[in-house]
Amino acid sequence: MDQRITLVTLGVRDVARARRFYEALGWRGQEVDHTVFFQAGGLALVLWDRDLLAADCGLPSGPSTPDGPSAGGFGGIALAHNVRSRAEVDELLVAVEAAGGTVTKPAAVNAIGFYSSAFTDPDGHAWEVAHNPGFHLAADGSLTLPDFGAHPGGGPQEGSGP
């Protein structure tokens with residue numbers, strides 16, 4: 001696994017409210033399918049529905065309070081590691097399990113059309129590993145978000161989720 005993070009996805013209770021918050025701080029996002037993407041240097045910050053993110057990570061959402069998640073519930077954040085091929089997704093999952101991680105969602109083409117999986121590290125932190133041809137990775141692994149408005153339907157050709 002290359003030493004990089006391409007996306008940080010925050011599971012939020014109200015996507016519109018969270019977007020307003022970040023935009024009030026000067027950030028500019030793009031919304032696709034009820035998911036907001038912010039370019040943040042060489043990576044992206046993503047706002048997504050908390051329950052959908054937990055399910056996408058293969059984890060129970062758990063109750064949430066206004067102060068944050070309850071003890072033992074989904075923490076509301078997922079790190080993402082994008083790769084250049086489906087084979088890299090599969091190879092990484094083998095390495096994750098060998099290192100003591102747990103695959104929480106087997107690799108498959110998701111509803112948006114890209115190949116992804118999810119796992120947790122030994123401390124329970126959720127990671128997504130994905131091959132999404134719609135997200136360009138530079139030679140150094142940094143991510144540049146596409147212009148979601150440039151494609152018919154408002155999303156990149158191959159998928160739009162985190």
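Not measured: the values here are computed from a predicted model. Computed over heavy atoms, backbone and side chain alike; hydrogens, waters and symmetry mates excluded.
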Rounded to the nearest 0.5 Å, what separates atom [atom1] in [X] from atom [atom2] in [Y]?
X: L52; Y: T9; atom1: CG; atom2: OG1; value: 12.0 Å
X: L59; Y: D51; atom1: CG; atom2: CG; value: 12.0 Å
X: L93; Y: E88; atom1: CG; atom2: CD; value: 12.0 Å
X: H131; Y: L92; atom1: NE2; atom2: CG; value: 14.0 Å
X: T120; Y: W127; atom1: OG1; atom2: CH2; value: 12.0 Å
X: S142; Y: I5; atom1: OG; atom2: CD1; value: 13.5 Å

Would you say [X] and [Y] make side-chain contact, with heavy atoms under 4.5 Å?
X: V8; Y: I77; result: yes
X: H81; Y: M1; result: yes
X: F114; Y: V89; result: no
X: F21; Y: W27; result: no
X: L45; Y: L10; result: yes

- [ ] Decide whether T35 and D33 meet the rule of one side-chain donor and one side-chain acceptor closer than 3.5 Å.
- [x]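 No, no side-chain donor-acceptor contact under 3.5 Å.
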
Would you say the side-chain atoms of [X] pair up with the backbone N or O of [Y], donor to acceptor, closer than 3.5 Å?
X: T104; Y: C57; value: yes
X: Q39; Y: A44; value: no
X: D147; Y: G149; value: yes
X: K105; Y: D56; value: yes
X: H34; Y: W48; value: no

TODO: Please work out which of the three classes, parallel, tilted or perpendicular, describes the rings of F38 and Y22, given edges at 30° and 60°.
DONE: tilted

Task: Derivation and outcome, side-chain contact (heavy atoms from CB on, under 4.5 Å), residues L43 and L7 - done: CA-CA 6 Å; L43 61 89; L7 296 105; over 6 Å; no

What residues, two or more places apart in sequence or in another chain, satisfy side chain to side chain donor-acceptor pair (under 3.5 Å) together with [X]?
X: T6; result: N82
X: E23; result: R19
X: D90; result: Y115

- [ ] Test L137 against R84 for side-chain contact (heavy atoms from CB on, under 4.5 Å), laying out the working first.
- [x] CA-CA 7 Å; L137 294 177; R84 291 177 177 82; 3.8 Å; yes

Task: Closest contact, heavy atoms only, S117 versus V103 - done: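 Closest approach of S117 to V103, heavy atoms only: OG-CG1, 3.9 Å.
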
- [ ] Taking all non-hydrogen atoms of both residues into account, name the closest pair between G76 and R50 and its distance.
- [x] CA-NH1, 3.3 Å

